[in-house]
Protein chains: 2
Amino acid sequence: MAVTMNDVAKAAGVSLKTVSNVLNNYEFIRPATKQRVQDAIAELGYEANLTARSLRSGKTSMLGLVLSDLSAPYYAELASKLMNAAARHGYRVLVEQSDADPGAELNALQGPFRQLTDGLLFTPLSIGADAIAGRAGSKPLVMLGEHIVDPRFDLVTMKNGEAAQALTAHLLAGGRRRIAVIGAHPEESAGTAGLRLHGYRQALDQAGAPFDPALIAPGEWRRDAGAAAVAGLLDSGVEFDAVFGLNDVLALGALHELLIRGVSVPRDVAVAGFDDIDEARFASPSLTTVSPGMDEIAERSVALLLDRLSGRETAEAGVHVESGFELRIRESAP
Amino acid sequence: MAVTMNDVAKAAGVSLKTVSNVLNNYEFIRPATKQRVQDAIAELGYEANLTARSLRSGKTSMLGLVLSDLSAPYYAELASKLMNAAARHGYRVLVEQSDADPGAELNALQGPFRQLTDGLLFTPLSIGADAIAGRAGSKPLVMLGEHIVDPRFDLVTMKNGEAAQALTAHLLAGGRRRIAVIGAHPEESAGTAGLRLHGYRQALDQAGAPFDPALIAPGEWRRDAGAAAVAGLLDSGVEFDAVFGLNDVLALGALHELLIRGVSVPRDVAVAGFDDIDEARFASPSLTTVSPGMDEIAERSVALLLDRLSGRETAEAGVHVESGFELRIRESAP
DNA sequence: ATGCTGGGATACATCGTTGCAGACGATGGC
DNA sequence: GCCATCGTCTGCAACGATGTATCCCAGCAT
């Protein structure tokens, strides 16, 4: 069997509870006693049993992260940074893939997954604010992304609208007039896709450029969907001189399809994305995109969640944090 | 407070233990009793407390996955598939990033992380077989990748040497004679890089082509290192007509640098990678690479680990599983 | 001396579950 | 009619830690 606190207590000649007190940095312990306990711990190679601690204290020191698919580069990079941020505060991150499935998202919210974690970082994609509110329970919950902007929930996001507007303005400034958008989600308006599309339209309006619905292609946020969307546009005969992928993998799929079809980028068509994943910098041509400040997002969302856990943050209404952004102008849309 | 088994027992008019038996599918329970318990569970909305179960049973239903960096596409895709495979068997996966740091890898092996998991999927990068054997403990451990091939450990890997040989043969068959290799790790010979390099040399030997050490560029397995390696080769004046990136991100970094420098791919230089990450298919030009059968790797490594856990697999020596591979011939090296 | 204060350590109950051993009534063989 | 067996269910202890309440003693004021 493993060494328990009881063994340590016996070895140090103190009570079980004193060992516990030493481990939990209880203030009033004589230095000599503390030393004896620590020596015993070192000698026996004692390691606290986290399961027992969790059962007794009700805390797991784990944060849950719910996202659709860990193999998507944006989520992979985000997860990596979140884990590092959490680790700095002594927490681990347990990841759950929802596949954007409503049932899976609900399960993550109330099932065993929730039980295993002290708080949740949640990227809802297919369920709404009311469904969440009804099942959120009492443990803290921080939303990531902007599918749900609701005063009831804490939210960490970026200035999607502003960023999309700035990026579109950049394309317009480069002389592009017919900017196709791919990856739109027609059903929603408040989600990430909706906000970015809104920013696009604002930029058009500001520049006095017309909005043409024929240029808006729906699609899931995957490389193949980006390629398919561009293929559809090309085949339909709609003219366009730029493509704005609502995220980077869409834009990279589009880029691929354009080049295959013999369309020169950026000469004939400029391409821009959103997210600034590592891959964007090394695409050929390299991809113009928006950097959402992922480090800041990761750091602040963990900080907010931990503030809720510790009770440092007590606001009744949801706290909304917005990170900054930066345009990354590269070869695909100079 | 949450609903406990005790509440269920009272509601159903049975003992605590009977509820436990129902939950654990104990054979000898009268259908009527079982039904009553299940009704009570449904009515009260009871959910088993996993922490308490873990403490009592000594099992967590979590598998540990140790890798260097979740943001690397290969690991992200692998982690995603492993999580899905584990979920199919009722297990969760807890990921730990080691950053290829020896201390972090040792910690994952014996620290709290190990305690939280029933078994480990381990991608060692910086520590050796002896260090692992000395600290492995008694919980099952399955190695991923081939940094460590040792009869003491279970291992799931792919035919690195054969695959690299086949890929190199393909390049040679295409008329390439001076194939640069980037991402070599000169210090090691048994690791992944070493095995792939070995396959490369075997292909050269078989074709009667000379081996030139000047064509071997070391580097970490990242995009920027791939770009830097190619830049170094170009600047040094060494001639080459193909680049074999020991993994895809290296090759993609190399591809990027070649195109920036005005080198035509594949006309002047062919480029090939290894891993077949999603991105390879959508690169421009699309990347010739080796598909390691990641689905199979994920499925079989989880199966092996669970077989060890359940005692279905009892081999004294390590079980070594090799998945198949397929060449994916694409535009970058047709 | 006595009472009070507060630092330092302890005993005991408790978190929610599962393993073990045994109880109980009904059945069946002899 | 007795004992062994079988199916079904139960009680108790235990997993390894923490919270609560309490106790003891030294130091100080009264």
Side-chain angles (χ1 to χ4, degrees), chain A residues 1-41 44-62 90 111-112 114-116 118 138-139, chain B residues 1-41 44-62 90 111-112 114-116 118 138-139 309 311:
Chain A
M1 294 302 291
V3 182
T4 76
M5 264 178 48
N6 226 324
D7 304 329
V8 175
K10 272 180 198 139
V14 297
S15 79
L16 187 66
K17 188 68 227 270
T18 300
V19 179
S20 172
N21 284 337
V22 170
L23 266 79
N24 292 287
N25 289 316
Y26 181 63
E27 200 180 349
F28 304 114
I29 306 178
R30 239 181 315 176
T33 313
K34 187 167 186 169
Q35 191 58 51
R36 245 183 321 140
V37 171
Q38 282 168 339
D39 289 350
I41 287 174
L44 298 177
Y46 167 78
E47 282 190 2
N49 181 314
L50 300 182
T51 306
R53 177 173 291 175
S54 287
L55 175 59
R56 187 66 252 244
S57 69
K59 292 170 184 175
T60 63
S61 292
M62 287 211 272
R114 194 71 189 283
Q115 217 184 85
L116 289 168
D118 290 342
S138 59
K139 288 183 181 177
Chain B
M1 293 302 292
V3 181
T4 77
M5 266 178 44
N6 226 324
D7 302 329
V8 175
K10 271 180 200 142
V14 297
S15 80
L16 187 66
K17 189 65 230 259
T18 299
V19 178
S20 171
N21 285 338
V22 170
L23 266 79
N24 292 287
N25 288 317
Y26 179 64
E27 200 178 350
F28 303 113
I29 305 177
R30 239 180 316 176
T33 313
K34 189 167 184 169
Q35 191 57 54
R36 242 184 323 140
V37 171
Q38 283 168 337
D39 289 350
I41 288 174
L44 299 176
Y46 168 77
E47 281 190 3
N49 181 316
L50 300 181
T51 306
R53 176 174 290 174
S54 286
L55 174 60
R56 186 64 252 241
S57 69
K59 292 168 185 174
T60 63
S61 293
M62 287 211 272
R114 195 70 189 282
Q115 219 184 83
L116 289 168
D118 292 341
S138 57
K139 287 184 182 177
L309 274 174

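Below, chain A is the first sequence line, B the second, and so on; all start at residue 1. All of these numbers come straight from a predicted model, not from anything done at the bench. Side chains are part of it too, since the values below use all heavy atoms of this structure and drop only hydrogens, waters and symmetry mates.
- Of the side-chain N and O atoms in Ser20(A), one or more sit less than 4.0 angstrom from OP1 or OP2 of dT18(D).
- Rounded to whole Å, the distance from CG on Asn6(B) to C1' on dT14(C) is 13 Å.
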Polar-atom pairs under 3.5 Å, protein N or O versus N or O of nucleotides 10-13 of chain D: list them with distances, or write none.
residue	atom	partner	partner atom	Å
dT10(D)	OP2	Ser15(B)	N	3.0
dT10(D)	OP2	Ser15(B)	OG	3.2
dT10(D)	OP2	Thr18(B)	OG1	2.3

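- Regarding Gln35(A), its CD atom lies at a distance of 16 Å from the P atom of dG8(C), rounded to whole Å.
- Counting to the nearest Å, the C1' atom of dA17(D) and the CG atom of Leu23(A) are 10 Å from each other.
- Contacts between residues 45-54 of chain A and DNA chain C, defined by a heavy-atom separation under 4.0 Å, are absent.
- With sequence neighbours excluded, the residues that form a side chain to side chain contact (heavy atoms under 4.5 Å, CB included) with Ala52(B) are Leu55(A), Asn49(B).
- Considering every non-hydrogen atom in both Ala40(A) and Ala12(A), the closest pair reads CB-CB, 3.9 Å.
- Asp7(B) and Ala2(B) get closest at one heavy-atom pair: OD2-O, 4.1 Å.
- With sequence neighbours left out, Leu16(A) forms a side chain to side chain contact (heavy atoms under 4.5 Å, CB included) with Met5(A), Asn6(A).
- Asn24(B) has a side-chain polar atom (N or O) that falls below the 4.0 Å cut-off from OP1 or OP2 of dT18(C).
- When the P atom of dA14(D) is taken as reference, atom CG of Leu55(A) falls 17 Å away, rounded to whole Å.
- The distance from atom CE of Met62(B) to atom CG of Asp118(B), rounded to the nearest 0.5 Å, is 8.5 Å.
- End-to-end axis angle of the helix from dA1(C)-dT30(D) to dC30(C)-dG1(D), from C1' rotation axes over five pairs per end: 60° (rounded to 10 degrees).
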I'd like a list of close polar pairs between nucleotides 24-27 of chain C and the protein, N/O only, cut-off under 3.5 Å.
none

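- Atom C1' of nucleotide dT10(C) and atom OH of Tyr26(A) are separated by 11 Å, given to the nearest angstrom.
- The list of side chain to side chain donor-acceptor pair (under 3.5 Å) pairs with a residue in residues 25-38 of chain B, not counting sequence neighbours, reads Gln35(B)-Asp39(B).
- Looking at Ile41(B), Val8(B), Thr18(B) one by one, the single match for side-chain contact (heavy atoms from CB on, under 4.5 Å) with Leu23(B) turns out to be Ile41(B).
- Partners of Arg56(A) by side chain to side chain contact (heavy atoms under 4.5 Å, CB included), not counting sequence neighbours: none found.
- Tyr46(B) has its side chain out of reach of Val37(B): every pair of non-hydrogen atoms, C-beta onward, lies at least 4.5 Å apart.
- For the pair Lys59(A) NZ and dC15(C) C1', the interatomic distance rounds to 14 Å; values are reported in whole Å.
- Between Thr4(B) and dG16(C), a side-chain N or O to OP1/OP2 separation shorter than 4.0 Å is absent.
- Straight-line distance from the CG atom of Asn25(B) to the C1' atom of dC9(D): 17 Å, rounded to whole Å.
- As judged by a 4.0 angstrom heavy-atom cut-off over every strand, Ile29(B) is placed among residues touching the sugar-phosphate backbone only.
- Take Ser57(B) and apply the side-chain hydrogen bond (donor to acceptor under 3.5 Å, both in side chains) test, not counting sequence neighbours, and it matches no residue.
- Taking Thr51(B) as the reference, nothing meets the side-chain hydrogen bond (donor to acceptor under 3.5 Å, both in side chains) condition, with sequence neighbours excluded.
- By the side-chain hydrogen bond (donor to acceptor under 3.5 Å, both in side chains) test, Thr4(A) pairs with no residue at all, sequence neighbours left out.
- A straight line from CZ of Phe28(A) to C1' of dC25(D) spans 16 Å, rounded to a whole angstrom.
- Closest heavy-atom contact between Ala11(A) and Leu44(A): CB-CD1, 3.9 Å.
- In terms of the side chain to side chain contact (heavy atoms under 4.5 Å, CB included) criterion, residue partners of Glu47(B) (sequence neighbours excluded) are, by chain and number, Gln115(A).
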